[in-house]
Structure formats: structure tokens, C-alpha cells
Amino acid sequence: PADLELMIDAEGKRRFSSDQLQAMTPLKRQQELQAAAQGNLNLGVEVVELLQSADPSDASLALMKARARARFGKDKDGEDSLRADIAKAGPANSKLLWVSLGALQAESGRPELAVESFEEARKLQDPTLRDVDIQIADFWFSRQQWGRAREALEPIVSVVTGERQAGLA
């Protein structure tokens with residue numbers, strides 16, 4: 001919470017009275033807000049992990065958890081979280097988790113690592129579906145990285161062009 005007056009305890013009561021808030025130094029208010037944010041993060045991560053227990057390969061949930069950990073900790077915390085999810089899911093179910101790891105890396109200003117993670121995802125995709133290529137292109141398009149998006153789509157274009165040429169022969 002960004003407002004100490006909205007902070008409530010486990011019983012739903014305000015944690016601080018108006019007088020307590022008035023008496024707090026700015027440093028104390030900041031410390032209380034940080035403690036509340038960390039508590040909210042921990043509770044949020046617990047909820048996401050509970051949801052993930054039903055589907056450990058859910059890339060959206062894994063990315064949500066990793067982004068929270070990176071935002072309130074370090075970028076490495078988010079990456080470590082996703083790498084643990086990748087290991088838990090195993091190669092057969094981790095391709096989209098690799099895409100999520102690449103997205104997190106790109107968002108934290110390391111596109112060269114993102115490309116490496118995207119390549120790991122590509123190794124696991126069904127070459128007839130090319131679903132990972134589409135996910136990667138979509139990510140780069142959303143970031144207005146047109147050249148990278150085009151690179152991601154080139155394998156799909158090659159397959160389609162090859163199929164058309166084979167049909168004409």
C-alpha cells in the first residue's frame with residue numbers, strides 16, 4: 001500500500017491511528033511502507049505458488065511471480081525464481097517458461113541474455129507449430145523492437161514459403 005491509513009492488520013483493523021501517523025517521522029513512515037510492501041509480496045508469492053501447484057508450467061504465473069521478486073528484490077531474484085520453475089517443469093513443459101525468462105531479462109535491460117533464453121525455448125518447440133517463434137515475435141512487437149520481431153518470424157516465413165514451393169512443384 002502507498003497509504004499508511006489503508007494498512008490493516010490480520011483482523012481488518014487499521015494498523016495506525018491518525019495520532020500515530022501524525023507522530024511518525026518520515027523515515028518511520030517509509031520503513032512501515034516497505035515492511036507492508038514486503039508482507040504483501042510474500043502473501044502474493046504464496047498465492048501464485050498455490051496456483052502454480054495446479055500447473056507448474058504456467059508461464060504467465062511464473063513470470064508474474066518473477067517480476068514481483070525482481071521488483072522488490074533484485075533482478076537475480078526474479079531470474080532465479082524462473083530458473084527454478086524451468087527445472088521443476090522439465091524440458092517437455094518448459095518452453096514457454098524459457099520465453100518468460102527471456103522477457104524478464106529483456107525488461108531488466110539485458111536483451112543479449114533474453115536472446116539466449118529465447119533460443120533455449122526454440123530448441124523445445126514443435127517445429128511444425130513454431131509457437132515459440134510466435135511468442136517471441138509477439139514479445140518484441142510489444143516492445144516496438146521491429147527488427148527483433150522480424151527475426152523471430154523469419155523461421156515461420158521460411159517454413160510457409162517452403163511449403164508453398166513444394167505444393168507448386
Side-chain angles (χ1 to χ4, degrees), residues 1-2 6 33-169:
L6 298 177
L33 284 170
Q34 287 175 335
Q38 185 63 46
N40 288 342
L41 170 66
N42 293 340
L43 180 59
V45 167
E46 282 181 36
V47 169
V48 170
E49 287 176 341
L50 177 65
L51 294 170
Q52 273 187 300
S53 67
D55 184 4
S57 64
D58 187 315
S60 297
L61 289 173
L63 183 56
M64 184 186 312
K65 179 176 66 175
R67 283 178 174 150
R69 287 195 166 145
R71 180 172 181 213
F72 291 102
K74 300 178 192 121
D75 289 338
K76 184 178 180 327
D77 296 339
E79 283 190 41
D80 290 347
S81 175
L82 270 166
R83 288 186 186 281
D85 289 337
I86 288 167
K88 194 182 307 177
N93 298 309
S94 64
K95 65 184 176 187
L96 295 181
L97 292 169
W98 280 106
V99 173
S100 292
L101 178 59
L104 184 71
Q105 291 165 327
E107 290 166 3
S108 58
R110 293 168 302 144
E112 68 287 346
L113 290 177
V115 169
E116 290 175 19
S117 294
F118 291 155
E119 286 306 314
E120 288 299 320
R122 277 193 171 108
K123 292 176 189 175
L124 300 171
Q125 79 178 326
D126 180 338
T128 60
L129 295 178
R130 309 304 294 197
D131 54 331
V132 169
D133 292 324
I134 293 168
Q135 291 285 323
I136 294 167
D138 184 53
F139 173 77
W140 290 125
F141 272 122
S142 72
R143 301 295 185 272
Q144 298 180 352
Q145 297 285 320
W146 314 122
R148 290 181 188 265
R150 180 187 165 127
E151 288 174 20
L153 291 174
E154 283 176 357
I156 298 170
V157 172
S158 296
V159 168
V160 171
T161 303
E163 288 174 357
R164 284 188 184 154
Q165 289 175 349
L168 296 174

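From a predicted model like this one, the values you see are computed outputs, not experimental measurements. Along the sequence shown, residues carry numbers from 1.
- Side-chain contact between Arg143 and Glu107 is present, with at least one heavy-atom pair separated by less than 4.5 Å.
- Using a 4.5 Å heavy-atom threshold, the side chains of Leu153 and Phe141 count as touching.
- A distance of 12.0 Å separates CG of Asn93 from CD1 of Ile86, quoted to the nearest 0.5 Å.
- Heavy-atom minimum distance, Trp140 versus Ala149: CB-N, 3.6 Å.
- By the 4.5 Å heavy-atom criterion applied to side chains, Val115 and Arg148 are counted as neighbours.
- Here the shortest heavy-atom pairing between Pro56 and Leu97 reads O-CD1, 4.1 Å.
- Nearest heavy-atom pair, Ser108 versus Asp75, reported as atom, atom and distance to 0.1 Å: CB-OD2, 3.4 Å.
- No donor-acceptor pair closer than 3.5 Å links the side chain of Ser94 to the backbone N or O of Ala89.
- Taking a cutoff of 4.0 Å between a charged side-chain nitrogen and a carboxylate oxygen, Glu119 and Arg122 qualify as a salt bridge.
- For the pair Leu96 and Ser57, the minimum side-chain heavy-atom distance is 4.5 Å or more.
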Working for side chain to side chain contact (heavy atoms under 4.5 Å, CB included), residues Leu82 and Leu63: CA-CA 7 Å; Leu82 270 166; Leu63 183 56; 4.3 Å; yes
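- Rounding to the nearest 0.5 Å places CG of Leu104 at 12.0 Å from CZ of Arg69.
- Here Arg67 contributes atom CZ and Ser81 contributes atom OG; the two are 12.5 Å apart, rounded to the nearest 0.5 Å.
- Side-chain contact check for Lys65 versus Leu61: every heavy-atom pair is 4.5 Å or farther apart.
- A distance of 10.5 Å separates CD in Gln135 from CD in Gln125, rounded to the nearest 0.5 Å.
- In this structure, Pro127 and Arg130 approach most closely via the heavy-atom pair O-CD, 2.9 Å.
- Counting heavy atoms from C-beta outward, Leu51 and Asp58 have side chains that stay 4.5 Å or more apart.
- Side-chain contact between Val132 and Val99: present, with at least one pair of heavy atoms (C-beta onward) separated by less than 4.5 Å.
- Salt bridge status for Lys76 with Glu79: absent, with no side-chain N to carboxylate O gap under 4.0 Å.
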Side chain to side chain contact (heavy atoms under 4.5 Å, CB included) assessment of Leu101 paired with Trp98: CA-CA 5 Å; Leu101 178 59; Trp98 280 106; 3.8 Å; yes
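- Interatomic distance, CG of Asp133 versus CG of Asp138, reported as 12.5 Å (0.5 Å rounding).
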